Structure formats: C-alpha cells, structure tokens
Amino acid sequence: MATSKKSTLMTPDPYHTPGYCGYVPQFKYKIGETFGSHTHKLLTDPAVPSSGNPVLSDAQPPLAPPPKTQEDFFRSPVYSSRTRSWGDQKLVPQMIPGYTGYIPKGLHHFGCRYAEACHYAISGFESDQQKHQDSVTEMRTTAKLQSDASARPESTLAQNTPPLRPSAPRAKPYLPAYAKQHSISPFYMPDGHPQKYYMSGYTGFVPKARKYLGQSYPIITRHALQEHTAEERRLARSLTEPVRVLRPQQQATSSIVIYPQDTGLVPHYTGHIPNEKFKYGSTFGSSTRNAVPAVQS
C-alpha cells in the first residue's frame, strides 16, 4: 500500500500536539517556536536524557481495504468472524450516512467516507475481540495443563510448562561474607555481643533509655538494651514458675490523739470540739483542754 507523503509545511514526526499535558524534559527552557517544533527537537535530540521508549506511536493502518460490493463484504474476514444474525443486521456493507446507532471505535477514524470509516472501525474492533479471545483461550489452556499433568501432550509449549514449586515460603536474603551483618536487630543479640547498640542518629524507640544521661548514644542504648533483655528473661521465667501469693499481715498503727488530755488544741483548728459552743470567756486553748472527758461525763 502506498503511503501518503506528509507536507513539508507540517511539523515532522515525532512531536506533541498542542494541549499535551504530559512531562516534556527541558521544555521550560525553550522559547520562540511553536509547541510542536519544540517538542520535535526535544524528542529527537540525543543530548536530552530520556528512557528510550517513545511516548508516541504510529497509527496502525487499516486491517483490510473497504469492500466495494456485497459479495466482497460477505467474503471479508470481518464478516466471517462475526456471527450472522437472523434478525435485523445493523452493520452492513456501505453504511448509509445518517445512521445514529453505535459503531465500535467509530470515533477514531475520520477523513474518509462514512462507509470506509465504519469498515475500518469494525475491522479494528473485531481484531481486538479476536486477540482477547485468543488470550483467554491460551490462559485457560495453560491453567488446565498446570492443574492436570496427564492432559499435557508431549509437545507442550514452553509457556504451558507448569512452574517450579517453591522450596521455601520466601527467599533468604543474600548476606555477603565481607560486609557487616546488620540483619539481626540489637534487641535479639546477647548481652556480650559487641554490636548490641544503636548508632547515633537512630530515631526509633529504645526501651528504658530515657533514664540514662551524660553518655554517648551507643553506650546509652547498650545499657538500655541489656536492661530490657534482663527484664524479658525475668518475664519469660515467670511464665513457667508457680504463682505464689504473699499477703503480709498488717499491723494496727497507733492512732493520733486528736483531743489532748493536758493541753488544749492549737488555735484555728477547724474540726469538731464537743461542747465548745457552750463555753465563753476563755481562750481557745483553755476551753479545749480535756475535751474528751467532757463528752464522757
């Protein structure tokens, strides 16, 4: 098929059309030309860093030329792949302009007659449907071969070979012999381990480290972790030891004398004093002397 030559007045490919909202590297440093010219230079400049994968892709040509007659349409792959309806067939050759029904992918084709655009749209739609059906068939075939080994033929394809079963639930981390091993947390290291501390700059929580002051951070975390390890060992031992309940006997303490016998109370005492409201003409200390015998009498 002969390709149409692009006009020299148009921006050469590749370029972004005006309104493109994606990222264009170094575009903010370009001025004085159109958006298409700037993006064309940036996309084709080897000095501009890029991933190497083009964002734009060429439009695919039509799968087949549009049929000219009714017989050509019936013999075309598009018609043979579709299920012929016994009722009113909407998608017919030489579609008449003015049809308001839905045509799959009809909005992606323009610049040609209505019948040709309809044919190109239906051809692309049928091609996508066939690719989807092939992928579904391949996936079901692979699942069946992997689940039932007896149904696998001798000439099984490589993509249908069942995968190997894992020997462990997760892969072990690679630990080089010449590098320092930091895969074990200082929490689980023994007390005599030389690396049982946290380096300066660690922002995580270190239990029992708040009460240690006046030392470097590694020394503080070493003492805190050792104390934490000892506490964990004590709690672990307590899980296996029998429970012993100790209830010490409480001895009665001597009560404080509220009403002295030989002396009175201190002024500004706000408690209750028996018969104090019936006494007049003496000081507070004198009137509160021997307050308890007055009650007993």
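Numbers here are sequence positions counted from 1. What you are looking at is a predicted structure, and each value in this text was computed from that prediction instead of being measured.
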May I have the step-by-step check of side-chain contact (heavy atoms from CB on, under 4.5 Å) for Asp134 and Glu138, ending in yes or no?
CA-CA 6 Å; Asp134 294 342; Glu138 182 180 359; over 6 Å; no

Say whether, by atom type as modelled, one donor and one acceptor occur between the side chain of Thr288 and the main chain of Leu265 under 3.5 angstrom.
yes

For Lys279 and Ser287, indicate whether the former's side chain and the latter's backbone hold a donor-acceptor pair under 3.5 Å.
yes

So, does Ser238 use its side chain to make a donor-acceptor pair with the main chain of Leu235 at under 3.5 Å?
yes

Under 30°, 30 to 60°, or over 60°: which ring-plane class applies to Tyr212 and His223, parallel, tilted or perpendicular?
tilted

Centroid-centroid distance, Phe35 to Phe27, less than 6.0 Å:
yes

Spacing of OG1 belonging to Thr221 relative to CE belonging to Met199, to within rounding of 0.5 Å
10.5 Å

First locate atom NE2 of His109, then atom CD1 of Ile103, and finally report the distance between them rounded to the nearest 0.5 Å.
10.5 Å

So, Lys208 side chain and His228 main chain: donor-acceptor pair closer than 3.5 Å or not?
no

Working note: Lys30 + Lys41, criterion side-chain contact (heavy atoms from CB on, under 4.5 Å); need CA distance, chi angles, decisive distance, verdict.
CA-CA 10 Å; Lys30 302 294 183 180; Lys41 293 180 180 179; over 6 Å; no

Exam field: side chain Ser185 to backbone Tyr188, donor-acceptor pair closer than 3.5 Å
no

Find the distance between OG1 (Thr203) and OH (Tyr198) and round it off to the nearest 0.5 Å.
11.0 Å

Spacing of Leu213 atom CG and Ile220 atom CD1 [to the nearest 0.5 Å]:
6.5 Å

Contacts of Tyr197 that satisfy ring pair (Phe, Tyr, Trp, His ring centres under 6.0 Å) - sequence neighbours left out
none

Co-members of the apolar cluster containing Phe205 [side chain, <4.5 Å]
none

With Pro186, which of Leu225, Val206, Thr229 fulfils side chain to side chain contact (heavy atoms under 4.5 Å, CB included)?
Leu225

Measure the spacing between NE2 of His16 and CG of Leu43 and express it to the nearest 0.5 Å.
4.5 Å

In Arg234, Lys211, Arg222, the residue satisfying salt bridge (charged side-chain N to carboxylate O under 4.0 Å, His left out) with Glu227 is Lys211

